[in-house]
Amino acid sequence: MAEKSGKKQKSDKPPDRLSNDPGSPYYDGDALTRDVGIRFKGVEKTNVSEYCVSEGWIRVEVGKTKDRYGNPLTIKLTGQVEAYFKNEKK
């Protein structure tokens, strides 16, 4: 029998849900270093702070506005979400 390696294999697909906030349970530094891209309703978005493909929503930052805790103010938009790695081979 072959032994399983202790390393996590990198998937070809980004996680279903991902956040760029280190305090979030959906934060994944390994996935973020691979440069995840988001298409929302067919349009490339660069200001996404969190997304969920299966539920069909993204959170985008609203300008430079901050909430009372100093975090960027975000709004939730619903629609078709497609996540991909920008540096994947084509």
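Worth knowing before you read on, the calculation uses all heavy atoms, side chains too, and leaves out hydrogens, waters and symmetry mates. Index from 1, following the sequence.
- In this structure, I75 CD1 and T65 OG1 are separated by 10.5 Å, a value rounded to the nearest 0.5 Å.
- For E44, the CD atom counts as densely surrounded, since its 6.0 Å shell holds more than 12 non-hydrogen atoms of other residues, nucleotides or ligands.
- The backbone N or O of D30 lies less than 3.5 Å from a partner atom in the side chain of T33, making a donor-acceptor pair.
- Qualifying side-chain contact (heavy atoms from CB on, under 4.5 Å) partners for T74, counting only residues two or more places apart in sequence or in other chains: S49, R59, E61.
- V81 and V53 make their closest contact through O-CG1, 3.6 Å (heavy atoms, listed as atom of the first residue, atom of the second, distance).
- We find the CG-OH distance between D12 and Y84 to be 16.0 Å, quoted to the nearest 0.5 Å.
- The minimum heavy-atom distance linking V36 with A83 is given by the pair CG1-CB, 4.4 Å.
- Looking at P14 and Y51, their side chains come closer than 4.5 Å, going by heavy atoms from C-beta outward.
- No continuous path of ILVMFWY side-chain contacts below 4.5 Å connects F40 to Y26, so the two sit in separate hydrophobic clusters.
- If you chain together hydrophobic residues whose side chains sit under 4.5 Å apart, L73 and V48 never meet in one group.
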- Message: If you apply the rule side-chain contact (heavy atoms from CB on, under 4.5 Å), what do you find for L32 with Y27, and how did you get there?
- Response: CA-CA 9 Å; L32 292 172; Y27 177 80; 3.4 Å; yes
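- For the residue pair I58 and K45, the shortest heavy atom distance occurs at CD1-CG, 4.4 Å.
- Under the 4.5 Å side-chain heavy-atom criterion for grouping Ile, Leu, Val, Met, Phe, Trp and Tyr, V60 is not connected to W57 through any hydrophobic cluster.
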- Task: Mind running salt bridge (charged side-chain N to carboxylate O under 4.0 Å, His left out) on R17 and E50 for me, showing each step along the way?
- Result: CA-CA 7 Å; R17 187 167 178 174; E50 185 175 359; 3.2 Å; yes
